[in-house]
A.B. asks: 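Before anything else, here's the structure in question.
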Amino acid sequence: MKKSPEKKSGKTASAGSTRLAVAIMAAGKGTRLKSQLPKVLHEVGGNALLEHVIRAALRIVPAKDVYVVVGHEAERVRAAMRHTGVNFVLQAEQRGTGHALMVAQQALAGYDQVIVLSGDAPLITPETISRLRDFHRQEQAAMTLLSAELENPAGYGRVLRKSARSSEVQSIVEEKAASPAQKKMREINSGFYVFSVKELYAHIGQLSTANAHGEYYLTDLAGVLRRARRRVVACKTPHAAEVLGGNTRAELAEIDEKMRLAKCRQLMADGVTLFYPATCVIDADVEIAPDTVIEPYVQLLGKTRIGKDCRVRSYCVIRDCQIADGVLIRPGCVMEGARIGAGALLGPYSHLRPESDIGEGAHVGNFVETKKMKLGKGSKANHLTYLGDAEIGAGVNIGAGTITCNYDGVKKHTTIIADGVFVGSDSTLVAPVRLGKGAYVAAGSCITNDVPEDALAIGRSRQIVKEGWARAKRQKK
Ligand code: UD1
Ligand code: CA
């Protein structure tokens, strides 16, 4: 007996006018992680578990139709995901996955169908979700679940079909309640579902808490609907890896590894060379243009963007940086929130802190630290230097050991260095101070006053030479 759960909305109703929502269950504590941080905020591939799931949902429906059920540390989860524009439903007490949907009843009242996703299973793709939705509609089911065959099904609920070849499901049995024979079954419940909203809420009241955890299991709805002679079907995905849940730290590591390898493969397909991809940590949102080479043991994090024909050598950690074309980053650079112009040369061992703006063709060398500064086109700071709160023009040479003394213990001050200035080695520039265009600073100077254009400033005591002094000292012994 097939029964259509679809509620036609209005006279012009068609499959296209079905009102579809996505509910994401994200209220659980994640006891198995032994963490202060709520489970769905743990990161894989550079984003929170829940962020990945929300992004997949947003490829299916607009944000106004996505409902995230939050509970444990609800405010923290809400704050972390507010930027996505989705709705939140509060499950104040977490009494199971079935209960998570009980509390969403009012929010979902205006919809015909709801896709239910797990906030802790971030590998799911929009393609698989759409396939599940289409399968549900073709089968005219009350409940459709996504199943998968896993090598190691331990920990997951098992799907009991009416018969081996039937798409219809008898029930789902949770691992803890499974018999030894059932535990051997490898077809598992992924925790992704589509429901007819009407059928869901007509029967959800029949769930009980008579189980190992004393919770309302959403999975029990399969048996409940089945007994009410409603159609419950399973759609088996060929992409089993997409259903993995991050319940333990080991599972999180496994998901993270899969995600990062997939990211590396995507970059390689797009024309980026990665010599030893398994050693690179590249976040989901990183963009790299073709013919750029990433050497082994590099971390590219956050919203980093790298242009074409660049080379990032080993052991660099780069977060939220904008890097133009043809940049060479030598080994061991640590960079965050910096902008690098085309053809610039960095490292080895440069430390670029937020708001560093390195001009086209500029050089920043070893043990140079920069912060909130601009280095103009073709300027060079090659060794052992701190440049903070500074505006440095084009064609400037900053000698080894130059320090901008930007902090007076209370306030930060700016150092301005105009085009073509030459700063000799071991100079300290006490801000606020300005070096005029083309000026020279003698090596070892402490500069406390502005230097006019084309002038030479010497800010050190004169050298004294005492002839024969050393010999006389030795002879005294
Ligand atoms: C669940 C399924 C299991 C399936 C597995 C797939 C149940 C009873 N079991 O088990 O059949 O194989 O997913 O990954 O559903 N949550 C809430 N409120 C709650 C409890 C949980 O929102 O009161 C959320 C969690 O934050 C999580 C999701 O629901 O994101 C799933 O809960 P979890 O405890 O991880 O279920 P599993 O044990 O993995
Ligand atoms: Ca889970």
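Remember, it's 1-based here, ligands and their atoms both numbered in the order they're listed.
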A.B. asks: Could you tell me the residue and atom name of the protein heavy atom closest to atom 22 (O) of ligand 1, and the distance to it rounded to 0.1 Å?
C.D. replies: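 Going by distance alone, atom 22 (O) of ligand 1 is nearest to Ala27 N, 2.9 Å.
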A.B. asks: Using 3.0 Å as a strict upper limit, say whether an N, O or S atom of Ser118 approaches the Ca ion (ligand 2) that closely.
C.D. replies: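 No - counting backbone and side chain alike, Ser118 has no N, O or S atom under 3.0 Å.
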A.B. asks: Heavy-atom contact under 4.0 Å between Gly71 and ligand 1?
C.D. replies: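 Outside the 4.0 Å threshold, so no.
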A.B. asks: So which heavy atom in the protein is nearest atom 13 (O) of ligand 1, and how far is it from that ligand atom?
C.D. replies: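 Ranking protein heavy atoms by distance from atom 13 (O) of ligand 1, first comes Gly191 CA, 4.4 Å.
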A.B. asks: Check ligand 1 against Tyr156 and write out every atom of the ligand that is under 4.0 Å from a heavy-atom position of the residue.
C.D. replies: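 Answer for ligand 1: 6 (C), 12 (O), 14 (O).
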A.B. asks: To the nearest 10°, what's the angle at the Ca ion (ligand 2) between atoms OD1 (Asn247) and OD2 (Asp120)?
C.D. replies: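 An angle of 80° at the metal.
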A.B. asks: Quick check: do Cys316 and Val334 have side-chain heavy atoms less than 4.5 Å from each other?
C.D. replies: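 Cys316 does not reach Val334 side chain to side chain.
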A.B. asks: Do Glu51 and Arg55 sit within salt-bridge range, that is, some charged N less than 4.0 Å from a carboxylate O?
C.D. replies: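 Salt bridge flag = yes for Arg55 with Glu51.
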A.B. asks: Consider every N or O of Thr97 and every N or O of ligand 1, then say whether any pair is closer than 3.5 Å.
C.D. replies: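 There is such a contact, yes.
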A.B. asks: Looking just at side-chain N and O atoms, do Asn247 and Lys39 make a donor-acceptor pair shorter than 3.5 Å?
C.D. replies: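 A pair is found: one side chain offers a donor N or O, the other an acceptor, under 3.5 Å apart.
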A.B. asks: Once you restrict to heavy atoms under 4.0 Å, what part of Ala26 touches ligand 1? Side chain, backbone, both or neither.
C.D. replies: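 It is the backbone that touches ligand 1; the side chain stays farther off.
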A.B. asks: Side chains of Thr18 and Gln113: any donor to acceptor distance under 3.5 Å?
C.D. replies: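 No.
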A.B. asks: Considering non-hydrogen atoms of the protein only, which is the closest contact for atom 20 (C) of ligand 1, and what is the distance?
C.D. replies: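 Checked against all protein heavy atoms, atom 20 (C) of ligand 1 sits closest to Gly96 C, 3.7 Å.
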A.B. asks: Picking from Leu346, Leu345, Asn366, Val312, what satisfies side chain to side chain contact (heavy atoms under 4.5 Å, CB included) with Arg330?
C.D. replies: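 That would be Leu345.
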A.B. asks: Please determine whether side-chain contact (heavy atoms from CB on, under 4.5 Å) holds for the pair Leu132 and Thr144, giving the CA-CA distance in whole Å, both sets of side-chain angles, and the decisive distance to 0.1 Å.
C.D. replies: CA-CA 8 Å; Leu132 181 67; Thr144 301; 3.7 Å; yes
A.B. asks: So for ligand 1, is Gly245 a polar contact partner (N or O within less than 3.5 Å, distance only)?
C.D. replies: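 Between Gly245 and ligand 1, no N or O pair is found under 3.5 Å apart.
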A.B. asks: Step by step, work out the salt bridge (charged side-chain N to carboxylate O under 4.0 Å, His left out) result for Lys29 and Glu73.
C.D. replies: CA-CA 8 Å; Lys29 178 164 187 262; Glu73 294 264 18; over 6 Å; no
A.B. asks: Numbering the atoms of ligand 1 from 1, which are under 4.0 Å from a heavy atom of Ser118?
C.D. replies: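 Result: 28 (C), 31 (C).
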A.B. asks: Using the ring of each side chain (for Trp, its six-membered ring), is Tyr276 parallel, tilted or perpendicular to Tyr297, with breaks at 30° and 60°?
C.D. replies: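 Aromatic pair Tyr276/Tyr297 classed perpendicular.
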A.B. asks: Say whether Thr415 and Thr404, considering side chains only, have a donor N or O and an acceptor N or O under 3.5 Å apart.
C.D. replies: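 No pair is found: no donor N or O on one side chain lies under 3.5 Å from an acceptor on the other.
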A.B. asks: Testing Leu244, Ile172, Asn189 one by one against Tyr156 for a side chain to side chain contact (heavy atoms under 4.5 Å, CB included), which residue passes?
C.D. replies: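 Only one of Leu244, Ile172, Asn189 forms a side chain to side chain contact (heavy atoms under 4.5 Å, CB included) with Tyr156, namely Leu244.
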A.B. asks: Atoms of ligand 1 less than 4.0 Å from Lys39 heavy atoms?
C.D. replies: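 Within the 4.0 Å cut-off of Lys39, ligand 1 contributes 35 (O).
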A.B. asks: Check ligand 1 against Arg95 and write out every atom of the ligand that is under 4.0 Å from a heavy-atom position of the residue.
C.D. replies: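 Result: 23 (O).
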A.B. asks: Of the options Arg231, Arg161, Arg229, which is the one that meets Glu168 in a salt bridge (Lys or Arg N to Asp or Glu O under 4.0 Å)?
C.D. replies: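 When salt bridge (Lys or Arg N to Asp or Glu O under 4.0 Å) is applied between Glu168 and each of Arg231, Arg161, Arg229, only Arg231 qualifies.
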A.B. asks: Working note: Lys374 + Glu355, criterion salt bridge (charged side-chain N to carboxylate O under 4.0 Å, His left out); need CA distance, chi angles, decisive distance, verdict.
C.D. replies: CA-CA 8 Å; Lys374 193 171 153 62; Glu355 294 179 60; over 6 Å; no
A.B. asks: Is Gln91 close to ligand 1, meaning an N/O of one under 3.5 Å from an N/O of the other?
C.D. replies: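 For ligand 1, there is an N or O atom that lies under 3.5 Å from one belonging to Gln91.
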A.B. asks: When you measure from atom 29 (O) of ligand 1 to every protein heavy atom, which one gives the shortest distance, and what is it?
C.D. replies: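 Nearest protein contact, heavy atoms only, for atom 29 (O) of ligand 1 is Met25 CB, 3.4 Å.
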A.B. asks: Which atoms of ligand 1 are found less than 4.0 Å from any heavy atom of Asn247?
C.D. replies: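 With Asn247 as reference, the close atoms of ligand 1 come out as 35 (O), 39 (O).
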A.B. asks: Cut-off 3.5 Å, side chains only: do Tyr111 and Tyr67 have a donor facing an acceptor?
C.D. replies: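 Yes, Tyr67 and Tyr111 have a side-chain donor paired with an acceptor closer than 3.5 Å.
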A.B. asks: Work out whether the distance between some heavy atom of Gly28 and some atom of ligand 1 is less than 4.0 Å.
C.D. replies: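 Checking ligand 1 against Gly28, which is what was asked, there is a heavy-atom contact under 4.0 Å.
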A.B. asks: Hey, is ligand 1 close enough to Asn189 that some N/O pair sits below 3.5 Å?
C.D. replies: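 Yes, Asn189 has an N/O under 3.5 Å of an N/O on ligand 1.
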A.B. asks: Looking at atom 6 (C) of ligand 1, what's its closest protein heavy atom, distance included?
C.D. replies: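 Nearest neighbour among protein heavy atoms for atom 6 (C) of ligand 1, to 0.1 Å: Ser190 O, 3.3 Å.
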A.B. asks: Tell me whether atom 1 (C) of ligand 1 lies less than 4.0 Å from at least one protein heavy-atom position.
C.D. replies: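 Answer no: nothing from the protein, no heavy atom, is under 4.0 Å.
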A.B. asks: Nearest non-hydrogen atom to atom 37 (P) of ligand 1 belongs to which of Arg32, Lys29, Glu174?
C.D. replies: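 Going through Arg32, Lys29, Glu174 one by one, Arg32 has the nearest heavy atom to atom 37 (P) of ligand 1.
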A.B. asks: Going by distance only, is there an N or O of Gly157 that falls short of 3.5 Å from an N or O of ligand 1?
C.D. replies: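 Yes, at least one N or O pair falls under 3.5 Å.
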